[in-house]
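This report concerns only the one structure given below.
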4 protein chains.
Amino acid sequence: MAHSTPRGENPGAGAAGSGKRAQNKLENRRAILTAAREVFAEIGYEAASVRDIIGRTGLASGTFYNYYRSKEEIARAIASDAAERLRPILRAQREGATDFAGYLIGIIRVYFQFIVDEQLALHTTRQLAERYPRVRIQTPAAAAVFDELRSSIEFVMQRDPGLRVDVEYLTAAVIGVAREIGERMLARQPLDIDGAAAFAANLILRGLPAVPRVEP
Amino acid sequence: MAHSTPRGENPGAGAAGSGKRAQNKLENRRAILTAAREVFAEIGYEAASVRDIIGRTGLASGTFYNYYRSKEEIARAIASDAAERLRPILRAQREGATDFAGYLIGIIRVYFQFIVDEQLALHTTRQLAERYPRVRIQTPAAAAVFDELRSSIEFVMQRDPGLRVDVEYLTAAVIGVAREIGERMLARQPLDIDGAAAFAANLILRGLPAVPRVEP
Amino acid sequence: MAHSTPRGENPGAGAAGSGKRAQNKLENRRAILTAAREVFAEIGYEAASVRDIIGRTGLASGTFYNYYRSKEEIARAIASDAAERLRPILRAQREGATDFAGYLIGIIRVYFQFIVDEQLALHTTRQLAERYPRVRIQTPAAAAVFDELRSSIEFVMQRDPGLRVDVEYLTAAVIGVAREIGERMLARQPLDIDGAAAFAANLILRGLPAVPRVEP
Amino acid sequence: MAHSTPRGENPGAGAAGSGKRAQNKLENRRAILTAAREVFAEIGYEAASVRDIIGRTGLASGTFYNYYRSKEEIARAIASDAAERLRPILRAQREGATDFAGYLIGIIRVYFQFIVDEQLALHTTRQLAERYPRVRIQTPAAAAVFDELRSSIEFVMQRDPGLRVDVEYLTAAVIGVAREIGERMLARQPLDIDGAAAFAANLILRGLPAVPRVEP
DNA sequence: CATGAATGAGCATTCATTCAT
DNA sequence: AATGAATGAATGCTCATTCAT
């Protein structure tokens, strides 16, 4: 069925639609994963139902379980997929960097680029939840990405003997700055990755006075 | 809590809060609120069920609704309670501060103190939930507290004409730093609010070089 | 408490309000009964909650059970109360009547008068339910009243040897006509009990041609 | 029923109603509808729970919602199904009739036939519920059927210029007579639709004297 | 008696997951 | 594989009723 042509009757596959019924096992797997990423990003892991996810692919609900053992498993898959895509890029940055400053700028830019790509891949503009406790949408990928970021930063710090600071706190600060500024950046038009990265990196490296001035 | 009104059908019978009955009602109300704070902190708002909350108090499930109209209402109560306790402290900081640096240090310390108090109030060892996809637990209070923090920071920045920076990004950075360092601080023994606040404020004001050095 | 003065805080006792807290046991009993009649008439027996009823009296919910053992019992009380008030009037009609025609007119007028009084006593304009299956509101009294009516009619018929018709069907017809025309009558302004009774009685006694003509 | 659409997630897979699956689905749908009709007839719409309904089919409770979106929807389905089956028959009567008398007889017979068929479809011995306060059981179909009947009668009356009577009252009377006599008829053995219809129509058209005599 | 908080069964509905086709 | 109907536990919430005060 998934291999035949789509039927007009199928009401699933709305808007963001990865829709259309995929053509084979690999594509189905991808389609489900993408749909899950979308749905998690839109309404969060808890609020997302397996039906929400599978409905977007045009597949039947039972089919979900041919590809993923559970809702939990697909969340894990999304998380580790993101982490694994980010990891080599981070490593490259680490290896290419000559000093901590350069590394920091590089890593922040890489992270910003990554979340921009993710967002574009989703064809989704990130938004705060409509439902009550107006919280940040929970993406399974987010925690994984930050873990990745964290360990990369810590690794670099550990090998830099000139850095006599509290590594855990500094890492935390970098992550906090990246996360929050990254989110604001995504909401702005036009997109300015470099500007945001410069702001973040300068703030961390040289503090408030070093941060770019704006027109009065 | 602080600002939702009781739902008992008829608030007559002996003033409002004297007898053993009224006493007990207040205790139950507190017990439910505390239980809710705990459960939300442990598994997040969405995953928490009203039965989870009430179960912790030993009360019957219907009793929950004698005190709060819905799961959403108790979340709101928790959030606004936290916000309202934080607000005057933030305002005091704002009014007492002579320059941005002083203000920033003050506000960060206030925030750290606040989350320390909250944590103790929860009798809960904060744990980055070992649940499904490791997402950051969503606490109704957290969003409210950060909103409060954000508007306090923006208010101060707006009136400081020397601050020619991107206010939104700077606010985001402050919040990110406070949030992440605050969380690490909570996990450490012994508790060192001043150290953490000094780290965070120095980083933002003067950057990495200004941050306290550690022993090699 | 019910004996002290009413408190401004009490939000119960809306609109139709028999409200005010009754002054003693008998009055409380009456107040609850009246409130129940109102609520049943407004939203029907099933949809009515004991809290709806007691709320209208300003009494506490537990107090309901000092007067009636259950929601079912108060419905029964209302029903039999209505029946017992109607019974002697019907008997008087029966005893005063000389022929079936006179009796029929009398009994229909009595019934119409009764439902008018009931309606006025309720300060309620009868209305079809808002909730979905748009059904006739179910009043516990209605069935009882019709039973009363039915047995009165059957009693008269049984003793009238000239009436060689299917008594059960004729009774049913009288009841059907009375019920439906009575309901339409209640909705009209100005109230015209005699007109409605004449219509109903003439129709039954002499059929369509005997029914009052209207202006063209 | 007749006119609500299925809710299955994807109506593809083999046309619409051929295989054993589709067969079974239709049977379940019918079974649920029938069960609902029974339960509504026995204890009324309000008192009926979805579990009461689904329990009678042996299906699991969640399954109900594979077929109907809510308790309200199935009530609507039952009501409109009945109305839509009755409507064309009533229209045929209207169009075939040459005078009001003929029309009236026809319409009453049609209604009686209809409730007889319905009753058989229910496999239920109609019982004036021995429930709490003896209220007339509220069937979603009943209101719909009477609305249908009412508008058919009013339509005919409006176009008959010789009928100078209070149309609303006359309609009410017809409905009252049909409803009550119909109900008694259902309780009798053997079933005699024509006798009941003759009684009702004659009573309305020519009054008590015209009604069939019985043996002394 | 009156009060109103507490109770817990019950309700409509959702949802992850299973499994016959 | 894919399907989608079936499942039944779980959820938020209501309500008649009880009972300590």
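Below, read A as the first sequence line, B as the second, and so on, with proteins coming before strands; counting in each chain starts at 1.
When all heavy atoms of B:Ala141 and B:Ala82 are compared, the closest pair comes out as CB-CB, 4.0 Å.
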Subject >> side chain to side chain contact (heavy atoms under 4.5 Å, CB included) between C:Tyr65 and C:Val50, intermediate numbers included >> reply: CA-CA 10 Å; C:Tyr65 293 88; C:Val50 170; 3.8 Å; yes
**OP:** Go through the steps to decide whether D:Lys71 and D:Glu46 satisfy the test salt bridge (charged side-chain N to carboxylate O under 4.0 Å, His left out), and finish with yes or no.
**Re:** CA-CA 10 Å; D:Lys71 181 180 151 185; D:Glu46 296 265 20; 5.4 Å; no
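Residues A:Leu122 and A:Arg37 are in side-chain contact: their nearest non-hydrogen atoms beyond the backbone lie under 4.5 Å apart.
One cannot find a donor-acceptor pair under 3.5 Å joining the base of F:dA10 and the side-chain atoms of B:Arg51.
Rounded to a whole Å, the CG atom of C:Leu59 is 8 Å from the C1' atom of E:dA2. Between the NZ atom of C:Lys71 and the C1' atom of F:dC15 there is a distance of 9 Å, given to the nearest Å. The OH-C1' distance, from D:Tyr45 to E:dC11, rounds to 12 Å in whole Å. If you measure from atom CD1 of A:Ile54 to atom P of F:dT3, you get 8 Å, rounded to the nearest angstrom. Rounding to whole angstrom units, CG of residue C:Asn28 and C1' of E:dT3 are separated by 12 Å. When rounded to the nearest whole Å, the span between CD1 of A:Ile32 and P of E:dT17 equals 14 Å. The interatomic distance linking B:Glu46 (CD) with F:dT11 (P) rounds to 13 Å, in whole Å. Rounded to a whole Å, the CG atom of B:Asn24 is 17 Å from the P atom of F:dC19.
Here A:Thr63 reaches the OP1 or OP2 of F:dT3: one of its side-chain N or O atoms lies under 4.0 Å away. Taking side-chain N and O atoms only, A:Tyr65 has no distance below 4.0 Å to OP1 or OP2 of F:dA2. Within the structure, a side-chain polar atom (N or O) of C:Tyr67 is placed less than 4.0 Å from OP1 or OP2 of E:dA2. Side-chain nitrogen and oxygen atoms of A:Asn66 include at least one within less than 4.0 Å of the OP1 or OP2 phosphate oxygen of F:dA2.
Residues C:Phe64 and A:Arg69 both approach DNA chain E. Their nearest nucleotides, taken by heavy-atom distance, put C:Phe64 toward the 5′ side.
Annotated stems with DNA chain E as a participant read E:2-21 with F:2-21, given as range with range, by first number; only runs of 3 or more Watson-Crick or G-U pairs under 3.5 Å qualify.
Side-chain atoms of C:Asp52 come within 3.5 Å of backbone N or O of C:Ser49 as a donor-acceptor pair.
Residue C:Ser49 is in sugar-phosphate contact alone, with no base atom involved, counting any heavy-atom pair closer than 4.0 Å across all strands shown. Counting non-hydrogen atoms under 4.0 angstrom, B:Ala48 reaches the backbone sugars and phosphates but no base.
Cation-pi check for A:Lys25 over A:Tyr67 is not met; the charged atom does not lie both under 6.0 angstrom from the ring centroid and within 45 degrees of its normal. Relative to the ring axis of B:Phe64, B:Arg51 does not place its NZ or CZ within 45° and under 6.0 Å from the centre.
Here the side chain of D:Ala60 is nearest to one of F:dC13, F:dA1, F:dG8, namely F:dG8.
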